[in-house]
Number of protein chains: 2
Amino acid sequence: MTTSGLQHTEYLHQFGIKSTRQRNAVLDVLIAHDGIQTAGELYQAVVRTGELVNFSTVYRILELFQEKGLVEKSTFPGSSQCVFSLRKAGHSHHLICLGCKKTITISKCPLAMFEQGVAEDTGFTIVGHDLELYGYCPECQKKRNRK
Amino acid sequence: MTTSGLQHTEYLHQFGIKSTRQRNAVLDVLIAHDGIQTAGELYQAVVRTGELVNFSTVYRILELFQEKGLVEKSTFPGSSQCVFSLRKAGHSHHLICLGCKKTITISKCPLAMFEQGVAEDTGFTIVGHDLELYGYCPECQKKRNRK
DNA sequence: TTGGTTGCAAATCGTTTGCATCCCG
DNA sequence: CGGGATGCAAACGATTTGCAACCAA
């Protein structure tokens, strides 16, 4: 860990989250990796930074971060595994490469008007949606073509 | 079970699936329930019809049905549980009530053009997407307002 | 000081698998 | 009859929990 610890503390406080060594470490990893990762990958990454954090603590921290709106929990397409990502300002979605799991954050969301229409048609109050796009990134496309 | 067994057999054959007592029973439940359900709910429903089917068989059948394009596997928002639903003709999505889990199938999908734009921007080949809307149905809204 | 946070280990949940038996075609 | 389908029980991976020790405020 570097001098960023203090900044993390402030950042967490903004979300009403008490700062601890472990939470700073998890936040570090979330910031460093722009995209989605499973709890396991996140845990591995924390360990790699040299910080000692228990696996169940990682889960508890992720749950807390999610409640406070700092991270977003979603699901890797097809699998039943949860993935986590830092919530960006505003509303965004992910484009996920099925080959290498590379993730691109998409800040445009085409659903606002659509939701409104659906709400009118159904009488539902729509509070949100899950949207993930998936496909293959340029590199993985090449690999697939070679086969 | 009623006389529908024979119809189910034909239906399954259309998908290249051999008919068995257990598969007919699962298909029955899938047809009866318009919307998504977890493997567990589906299993319970099968048991309730009086058919004897093993839990792991249900999983195997659902996996097979999915491979053959008869059912769709997705994820319940927020949770890590898989849910299954009969695949409708064409492309569709679900609007899920967070209160009572009632599901409405939405046959419109606003993403085709959006995907094209994202593909051009990123160089990705986009092969699909997960989209689920969630909110509260009219009944559950009332319940919530009473609190 | 003290209530919230963590580590540890065990429990739990959903899902998958190996293998012997069974049944559809 | 034969190969695929099933039941059973055990394995499995991911996630959650109870409890005692610990630490940030």
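So you know, we letter chains A, B, ... as the sequences are listed, proteins then strands, and number each from 1. All heavy atoms count here, side chains included; hydrogens, waters and symmetry mates do not.
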Between B:Leu52 and B:Gln22 the two heavy atoms that sit nearest each other are O-CG, 4.3 Å

OP1 or OP2 of C:dC23 versus the side-chain N and O atoms of B:Thr20: is any pair under 4.0 Å? no

Heavy-atom pair with the smallest gap, counting every atom of B:Leu12 and B:Ser19: CD1-CA, 4.1 Å

Atom OH of B:Tyr59 to atom C1' of D:dG13: distance rounded to whole Å? 13 Å

Spacing between A:Glu67 atom CD and D:dT16 atom P, to the nearest angstrom: 11 Å

Assign B:Arg60 to base, sugar-phosphate, or nothing according to its heavy-atom contacts below 4.0 angstrom with the strands shown. base

Hey, does A:Thr38 reach any base, or is it just sugar-phosphate, or nothing, if we go heavy atoms under 4.0 Å? nothing

When B:Asn54 and A:Glu63 are each assigned the nearest nucleotide of DNA chain D, the 5'-most assignment goes to B:Asn54

Between A:Ile61 and B:Val83, which has a closest nucleotide on DNA chain C that is more 5'? A:Ile61

Side-chain (A:Thr103) to main-chain (A:Lys101) donor-acceptor, under 3.5 angstrom: yes

Value in whole Å for how far the P atom of D:dG13 lies from CD of A:Glu41: 16 Å

Distance check needed: D:dC23 C1' versus A:Ile17 CD1, whole Å only. 18 Å

Between D:dA5 atom P and B:Lys68 atom NZ, what is the distance in whole Å? 9 Å

Nearest whole angstrom, please: distance from the P of D:dT6 to the CD of B:Glu51. 12 Å

Which nucleotide wins on minimum distance to the side chain of A:Ser56, given the candidates C:dA9, C:dT15, C:dT16? C:dA9

Any A:Gln22 side-chain nitrogen or oxygen under 4.0 Å from OP1 or OP2 of D:dC23: no

Considering every strand and a 4.0 Å limit on heavy-atom distances, what is the contact class for A:Gln81: base, sugar-phosphate, or nothing? sugar-phosphate

From D:dG7, D:dA5, C:dG25, nucleotide with atom closest to B:Arg21 side chain: D:dG7

When rounded to whole Å, the CG to P distance for the pair B:Leu42 and C:dT15 reads 11 Å

Minimal heavy-atom distance between B:Glu41 and B:Ile36, with the atoms involved, is OE1-O, 4.5 Å

Between C:dT6, C:dG25, D:dA25, which nucleotide gets closest to the side-chain atoms of A:Arg23? C:dT6

Cationic tip of A:Lys143 within the cone over A:Tyr136's six-membered ring, i.e. under 6.0 Å and within 45° of the normal? no

Candidate nucleotides D:dG4, C:dT16, D:dA25, ranked by approach to the side chain of B:Lys18 - the nearest: D:dG4

Distance, rounded to the nearest Å, where B:Gln37 contributes CD and C:dT15 contributes P: 13 Å

